[in-house]
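Below is one structure, written out as structure tokens; the observations come after it.
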Amino acid sequence: MGRGRVELKRIENKINRQVTFSKRRNGLLKKAYELSVLCDAEVALIIFSSRGKLYEFGSTGMTATLERYQRCCFNPHDTGAERETQSWYQEVSKLKAKFESLQRTQRHLLGEDLGPLNVKELENLEKQLEGALTQARQRKTKIMMEQMEDLRRKERQLGEMNKQLKIRVSLELSSHDAEGQGLRGFPCQWNAGASAGTSTYMVQPASNPMEFEPEPVLQMGYHHYNLGEGASVPRTMAIDSFDLF
């Protein structure tokens, strides 16, 4: 049985539509390539899928073919405004094509939309990624080494400051010790008396007991002793009596 005629209308089934698009796209690209080789023709083919993906083929380069197309379609009898508009249109077309190419390259670098690429293009992409990874690692290593060197320099500075502070503290302590030894060199009379266990306050008896008469004293809390001549009074009792007066 031969192939039946296909009705030209939109395929409703999404899977069948995608399969048909892939097959006919590849066939169209193949026919364009064969036409450029067999007939030595300059062929340029641009295809946009329903998802917005770009597929193109240019036998001598898409940009060169588009520029040639614009020159051939350019009318020399146009006015100056139309020529300027045409020039701007060509510039926009170039920038748009370049932008789409950069977007496609970015998607490839991110691992997206790798279906249309062949083995050679995938190998080139792999080399580009390996080179970028190597450069990123080298830059990372350089930054880490610089940070380590900076930290070592700060460590040396802090060590020098620590040494200077230790020297300063030792000098301060030695000066304080010298001042303390100088103060201990001076004799203190009250310290000597306290260490010897004697009191510096001495009771001086009167040379003549008849020169003064003590006033009557109110005796409270202890007994009054009448002492005769020649009687001895304990030293502690004499001092207590002196304190009461």
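Every heavy atom of this structure was used, including side-chain atoms; hydrogens, water molecules and symmetry mates were not.
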Got a sec, which pairs hit salt bridge (charged side-chain N to carboxylate O under 4.0 Å, His left out) with one end in [range], sequence neighbours left out?
| range | value |
| --- | --- |
| residues 87-112 | E56-R104, E67-K94, R107-D113 |
| residues 43-52 | none |
| residues 131-147 | none |
| residues 115-130 | none |

Indicate yes or no: at least one non-hydrogen side-chain atom of [X] is less than 4.5 angstrom from one of [Y].
| X | Y | answer |
| --- | --- | --- |
| T65 | V43 | no |
| I11 | T20 | yes |
| L171 | I167 | yes |
| E12 | R10 | yes |

[Y] reachable from [X] in the ILVMFWY side-chain graph, under 4.5 Å edges:
| X | Y | value |
| --- | --- | --- |
| V37 | L45 | yes |
| L54 | L29 | no |
| F21 | F57 | yes |
| L28 | F48 | no |

Please check if the number of heavy atoms outside [X] that lie under 6.0 Å from its [atom1] is greater than 12.
| X | atom1 | result |
| --- | --- | --- |
| L102 | CG | yes |
| Q18 | CD | yes |
| D40 | CG | no |
| Y89 | OH | no |

Applying salt bridge (Lys or Arg N to Asp or Glu O under 4.0 Å) to D150 and not counting sequence neighbours gives R153
Residues passing the salt bridge (Lys or Arg N to Asp or Glu O under 4.0 Å) test with R17, sequence neighbours excluded, are none
Polar side-chain atom of N26 near backbone of S22 as donor-acceptor pair, under 3.5 Å = yes
Looking at [atom1] of [X] and [atom2] of [Y], how far apart are the two atoms once the value is rounded to the nearest 0.5 Å?
| X | Y | atom1 | atom2 | value |
| --- | --- | --- | --- | --- |
| L109 | L114 | CG | CG | 9.5 Å |
| S93 | W88 | OG | CH2 | 13.0 Å |
| L122 | N118 | CG | CG | 7.0 Å |
| Q138 | T141 | CD | OG1 | 7.5 Å |
| I47 | R24 | CD1 | CZ | 12.0 Å |

Query - T60 versus E42, side-chain donor and acceptor atoms under 3.5 Å - result: yes
Nearest atoms (heavy-atom pairs only) where [X] meets [Y]:
| X | Y | result |
| --- | --- | --- |
| S59 | S36 | CB-CB, 3.7 Å |
| N13 | N16 | ND2-ND2, 3.2 Å |
| I46 | M62 | CG1-CE, 3.7 Å |

With E172 as partner, the option from S175, S174, S170 fulfilling side-chain contact (heavy atoms from CB on, under 4.5 Å) is S175
